[in-house]
Structures are given as C-alpha cells and as structure tokens.
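I have placed the structure first, in the form of structure tokens, so that the comments after it can refer back to it.
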Amino acid sequence: MKWKRFPRPRAYLPRRARPAPRGAQSLRRRPSAPDPGVRLPRARIPRSGPAMAKRSSLSIRIVEGKNLPAKDITGSSDPYCIVKVDNEPIIRTATVWKTLCPFWGEEYQVHLPPTFHAVAFYVMDEDALSRDDVIGKVCLTRDTLAVHPKGFSGWAHLTEVDPDEEVQGEIHLQLEVVPGPRGCRLRCSVLEARDLAPKDRNGASDPFVRVRYSGRTQETSIVKKSCYPRWNEMFEFELEEGATEALCVEAWDWDLVSRNDFLGKVVFNVQKLCAARKEEGWFRLQPDDQSKKRRGEGNLGSLQLEVRLRDETVLPSGCYQPLVQLLCREVKLGAQGPGQLIALIEETTSTECRQDVATNLLKLFLGQGLARDFLDLLFQLELGRTSEANTLFRSNSLASKSMESFLKVAGMRYLHGVLGPIIDRVFEEKKYVELDPSKVEVKDVGCSGLHRPQTEAEVLEQSAQTLRAHLAALLSALCRSVRACPAVVRATFRQLFRRVRERFPSAQHENVPFIAVTSFLCLRFFSPAIMAPKLFHLRERHADARTSRTLLLLAKAVQNVGNMDTPASRAKEAWMEPLQPTVRQGVALLKDFITKLVDIEEKEELDLQRALSLQAPPVKEGPLFIHRTKGKGPLMSSFKKLHFSLTTEALSFAKTPNSKKSALIKLANIRAAEKVEEKSFGSSHVMQVIYEDDAGKPQTVYLQCKCVNELNQWLSALRKVSISNPGLLGSYHPGVFRGDKWSCCHQKDKSDLGCDKTRSRVTLQEWNDPLDHDLEAQLIYQHLLGVEPALRWSHHGTRIHGPNHSACLESPLYLQNPLATLLSFAHLLATHTTRPPAPPAPLIH
C-alpha cells in the first residue's frame, strides 16, 4: 500500500498568500488542437499565480438505507447519518424513527480544498439516554470519486467501524541521513502533531510517538490531554548498507489501565530517503494495514448514495470576459441573432446534464443583469417549436430547467415569506388528514366524543375542512404578496405572459398565458416546496408520515388551482371533489394575482430593485449562545443566548429578533472562523471568530450552536463573507487560553501562531450564497469544451478559412460566424488549463 505525503504548508502565511501544494494536478482533459481555420485572439493569461483558484466540490445525496440491524430492544432503530470529510463532521441528516429501512432524500453541496482525501458516511442509531450507537459506515476516497466523472451512484454495503482504522491528523517530521563514525546514520526528529483523534472521554488523548527501524524501537515522552502535542525530540539509527527495511513512525494514545490506542502511522522508504538525504514536512497519519479484517460486511445493511466530485481551476476574471461578452451579446440580440448560440447549446446538451447547464447559464446571466433577457430568449425558442398549447413547457427543456433554477435563486426568500407560516402550522397541528376513502384509517384519528369513535364519513369531512382552511390561507397569502415578489421575477413573468399571449391569441386559449405562469410558479416551485419543505429550507427536519400525507394533499390542491381547474385535472382523482369549491375560488383569485403580478413597468421595476438593494437581507441570522467569562477558571464561564445577525457589513447581536442590534464584529476585521475542540467547553458545537478590534489587537469571541448542522452553516456563512479579507490567518488554536497556557497544545505564549491549520475553504452551498461569476463561466467553458465535437458536427459549414480573419467581438466575424468565435475562446482557455508536470516519487510507502 502506498502512503501519500501531505504537502507541508510554508510557514503560517495567510490563506490567500500560501503557495500551491507541490504536485497538485488538474483533472481536466487535455484539449484537442484548435481549428486551423480560426485564428485565436491574443490575450495574456497567467498559467499560475495567486489569482488562479483551485477548487473542489462534493455534490452529496443521501437517499436511503435498507436492512439495517436492530439496535433497540424494540427490534428497531432510530437511524441518522453523519458525513465526515477527512474525519471532520460537516453534515448530519434527520433521524428517522423506528425503522430499519430509513429514507432521507437529503442533498448537500460541500466546497473543499483539492487536498482532501476521503468522505465517509456513518450510520448511527440515536439513543435518548445513552451514547448513540454506530451501525456502520461507507467510505469513498478521493481517488474512487475521481474515476467516476459522472459521480458514484448506487447501493454500498455498510462495514464495521474498526478503531484502528479511525485515524486522523498529521505529524510533523524531519528526516535526515547524516555521516557517523561507523557509517551513515538515520536521524528522525519528531516535532509535533495536529488534529489527532480524541480517544479519551475528556475529548482529548495522551499521545506519544514510537519510532521503529531495523529491530530497534524508541519512544517520545507522553503529552497529557492534547490532540495537538509538541515533542521536539530526535532519534538516531545506524544505517546498514543495502538495508531494505522501512522506517515506521507510529502515534499512540497512552492509557494507564487499558491497552494503548492506535492513532496512526507513517512508513518511509529508507532507500529513497538515502537518495534524497533530507526530508521535512507534515505527513498524514494512516491506518494500520495489519488491523483485523472488516467484519459484518453485507449484514449491516446498505446505504444508497449519489456522490459526485468536481474539480475546477478558476482563472482570473479577465480570462473569461471574451466568452462572457460573447454570450451576453447573443442574449441581447435575442432570437433574431445571427448564430443562435443558446439554441445550439441546448441542442447539444444531453438530458442528464441539462439541469446543471441551465443553472450555470442562469447564474452567469443573473450576475450580468441579463437573467430576464436570457429567459425571454428561451421562451421564444420554446414557443417557436410548440404547436399545441397543452404541451407548452411540459418537457424538460432548457427553458423549463432554467426557469426552475431562476425561481430557486431569485425567489427563495419570497417563497419562505408566503409558504413559511402555512407549513409551520401544518407541522404544529399534526392532524390526521385523508380524502381517499380507500386509505382512511379510523383508528389513527381518535374519538370525537367519550364513547363513540368517528365514522369514515366524519373523518373525510373533517379532513376536507382542514385542507380547505390551509388552501384558503395559502391563496390569501399569495394574493397579498404581489409587492413582496422580487422585481426581476415579476418582470420575467411579464415577458412570459406576453410571449405566450402573442403566440396563442385566440379566445379559446384565453387561459394559456395564466397556465404558463402557474406551470412554473405553482407546479414547479410552490408544490415541490410543499411536498418537501426541508429540501427548500422551510423546515430543519423531514415531516413524519401523517404530516407528509397532509402536505401531499395540499400540494395536489395547489396543482389543481395552477391547472386552472381543467376537466383533465379533475378527472385524475375524483376523491378530491370536496375541495372543488375552494379550488374554483382559488382559480379566480390566482388569475387576479397573476394579472397584478405581471403589471409592472420598467420604471417600477427599477424602483423596486433599487429599494431592495437598500434593504439587503441578512446573510444568516438566528439564536446563538455567546461565551461570557465571569472570572478565572473553567467553572467561572457561561453562555448567554442572544439573537445574531450576519450581514455584508458586520456580525451583530440583540436580545430578541425585533430589538435594537449592536455591532459585535466588523466584517472587514474577521481573520478566521473555526471550530473549538470539544474538551474546551464540554461541547462539540462551539465555534470561534478571530478578529481585530479598532485598535488592531487580535480578539476572539466564542459562540455555541445547538447542533453540528447549525455550526457548519454559521462557519460557512462567516467564511464566505470574509474570504476576500486581507490578513486571513493560516493557523489558529482550536482550544482556549485558560490560566497560563493554551488548552490544545499547552503552549504558554498567548500570541503563539497556532497549532492547527485554518479551513477557510471548507463551506456548504446555501440557497442564498452570493453569485460566483468566475466559477459559472469556468463551468460553462468546461461544458462547451465537452460538447465541441457535437457543435462542429451540427454546424460543420461555419468554419472560416484564411489568415486575414480575427476572432474577436470588435470585428465583423462575430456577425458572420459567432460559433467560430465561441470555439476560439474555448480553445484559448483550454491552452491555459493544461496538466502540470508529475510530482517526484514520494519517500513514503
């Protein structure tokens, strides 16, 4: 087995100034030779440098589990999943109670540095009175994900968790071959370690290092209660000429009573070390390859996952400007443009990646202020090839996918304002609701009186009343929300309404423009959010079976209203008839709402956009517990609950959500946002924000969250808004300075640089994240590069021959041949994203 050396950080530089790790490679395919008939425009693009960012992202969908073992005395389990990246917990799913075949259906996207090694999924059984049980795990290494360009998808068997394989952290070593009186000697300096696994109940370990070579074993001293020990001890071994034995450096946790716990090891090839003479750096600890075989594989159940790794090298903004300008000009020219590149992109995009392409294009044009024009162009293309009104926007075309993405990006806050109170009421009431007579279960309802159970007819009538009340409340909230709807959404629906009315002007198609609007607003936006509120961030947990049925029936009613109560929609499920009076009233209310919604002029649109820009919503807000120190010692501190709000200017707090806020930290002063180790405050959900006060002195505030998801969401939000700050830290202390030393590494200098590296590039994708124009342009470029053969095949007659043409936007070539210009820019970018040379052979096995 080969061990990979973890690249050593060059001192403790700020994150943006740290040099790229040696040997990092791009996974992008090498482009083919450019078209000889197209002259590439000249541009200076740096091949490397601080402005070029390398990013990795994981798209994770945890679908379901099956055949899990029973961990409770009731013969069942209460399973949930913990997702760890390099042993760092980043995601916790909801608990599904009393089942051995749980369904989660949760999706996440995690942004990571490209140096991560593995992602692991732990299936746990939640216990109220004792520590949660570990059922099993699935581990996917980075190499495994890299060989699946379309992602890993399918069932994976859970394997038993072996303590000797649960290692983490890195060790800092200096290895050197020096001359001695009897020949060469091997000198091994054990300097320090970081992020070791906590093996003791106090949330720490008592680590020491054992160095073995050629039958000799030497050990360092024991550092008590630390996962970030510093030894600075040196050992020497006699080197025998031609010896092939490896040097093994092992980390252990010392225990007084029980056996020592294994923390990880690194094995070095001595022959290669003799050739290199000297090596120093941080080395990732590896599990014991001699540990017992995994047991229980196949009888611990299975987990269905969908995981995709995406690596990107994002160039400086100026490199993408020609490509962005070309696409923007194509959108501005509309359907009458000379090349119709948007139509060509749609034509050559496969169904499986159409959603991703639509999202990338939508975000790019949204950042350029052209989202409405882009969608209007797609509306015209869709209407041009549609002959029957009842099939309009019913397929998964680029227009439908782009509009779905647009509503999620631009209208999510509006959705929360309209649906939030209704969804909360359904969850709080937990009423039994059923309209289908074949599914009514009277025993689930209880009694309406002391002695008489409810009849089936009474259950159906009570259910209809409940649904009518929820539907009426939803329609009322929707009708009052015209002014709350974002101006860009209203303007887009106005264009859609006008285009459809122009295409189908006859009296028999009077409702078609309204149905076109509701097909997106109700059928593709509101109804999915009602059925799965957690996926739209309306709730933190999935609904139980009873609440899910209520939400499903409510979503069906909304769909009937969105379909304008057509006979076809009524004929599908006759048992929905009790809701028809409310549905018919809802149709009239919805048509009046759409009429007002699309009645927006250019001046009003600009005024609304200006007003919204002045009232920027907070990036994140919610209750947190702030650490207050009352005196000296660990028992003289407490946490006070306050309401925190993070904006693009500052992190502020208040006693209540409606009370006056006080600024705590200016955004420009933040230097790091990191986790605090569990032993510091007895909780694993504490984070620290390191910042500079007005006098320029470093300060730290400690904030406690209620769960691991909330902790990572706050860390992610803080890291995103401060990513461009100057002076970001490259290291920090995961502990606290208590008494006269740091609790993590036991150093007595309070101004010590830090014993662990910061993780400013580990973030979660959220619906309200700011747009990243460079990343979207890079993703579009990568897609164009992949479909280039299809573009050339579909329009092979568009090549330009001759040395006197220049593929640039200022020349007449664009008006004659925009496709050739597009391909030219793709080749220009391809020449600057080639694979770097391979790294030298590692010195470790």
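Small disclaimer: the values here were computed from a predicted structure and weren't measured.
Residues Glu170 and Lys757 are paired through a salt bridge, judged by an N-O separation under 4.0 Å between the basic side chain and the carboxylate. A salt bridge links Glu166 to Lys137: one of the charged nitrogens lies within less than 4.0 Å of a carboxylate oxygen. Taking the charged nitrogens against the carboxylate oxygens, Asp311 and Arg142 do have a contact shorter than 4.0 Å, which makes a salt bridge. Look at Glu107 and Lys534 and you find no salt bridge, because none of the NZ, NE, NH1 or NH2 atoms lies under 4.0 Å from a carboxylate O. The pair Arg759-Asp86 does not count as a salt bridge, with every side-chain nitrogen at least 4.0 angstrom from each carboxylate oxygen. By the 4.0 Å N-to-carboxylate-O rule, Lys750 lies too far from Asp740 to be salt-bridged with it.
Here the rule is side chain to side chain contact (heavy atoms under 4.5 Å, CB included) with Thr763, and of Gln109, Gln713, Lys720 only Lys720 fits it. Results of the side chain to side chain contact (heavy atoms under 4.5 Å, CB included) test with Val721 over Thr647, Val619, Leu651 single out Val619 as the only residue that passes. Looking at Arg230, Glu280, Arg194 one by one, the single match for side chain to side chain donor-acceptor pair (under 3.5 Å) with His172 turns out to be Glu280.
Judged by distance alone, the side chain of Asp125 and the main-chain N or O of Pro79 form no donor-acceptor pair under 3.5 Å. No donor-acceptor distance shorter than 3.5 angstrom exists from the side chain of Asp127 to the backbone of Asp132, with no hydrogens or angles considered. Side-chain N or O atoms of Trp231 include one that pairs as donor or acceptor with a backbone N or O of Ser221 at under 3.5 Å. No donor-acceptor pair closer than 3.5 Å links the side chain of Glu250 to the backbone N or O of Asp288. A donor-acceptor distance shorter than 3.5 angstrom exists from the side chain of Asp253 to the backbone of Asp206, with no hydrogens or angles considered. A donor-acceptor pair under 3.5 Å is absent between the side-chain atoms of Thr95 and the main chain of Trp97, judged by distance alone. Counting only distance, with no hydrogens or angles, the side chain of Ser731 and the backbone of Leu753 share a donor-acceptor pair below 3.5 Å.
Between Ser680 and Gly735 the shortest heavy-atom distance is OG-CA, 3.5 Å. Of all heavy-atom pairs spanning Leu196 and Pro207, the tightest one is CD1-CB, 3.8 Å. When every heavy atom of Ala156 is checked against every heavy atom of Val138, the shortest pair comes out as CB-CG1, 3.8 Å. Nearest approach of Val211 to Cys188, heavy atoms of both residues: CG1-SG, 4.3 Å.
In this pair, Phe653 and Phe644 present their aromatic rings tilted. The plane angle is within the 30 to 60° band.
Side-chain polar atoms of Thr220 and Glu233 form no donor-acceptor pair below 3.5 angstrom. No hydrogens or angles considered: nothing links the side chains of His627 and Gln704 as a donor-acceptor pair under 3.5 Å.
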Residue pair Leu305, Ile62: steps toward the side-chain contact (heavy atoms from CB on, under 4.5 Å) verdict: CA-CA 5 Å; Leu305 300 169; Ile62 306 172; 4.2 Å; yes
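Cation-pi contact between Arg738 and Phe681: present, with separation from the ring centre below 6.0 Å and deviation from the ring axis of at most 45°.
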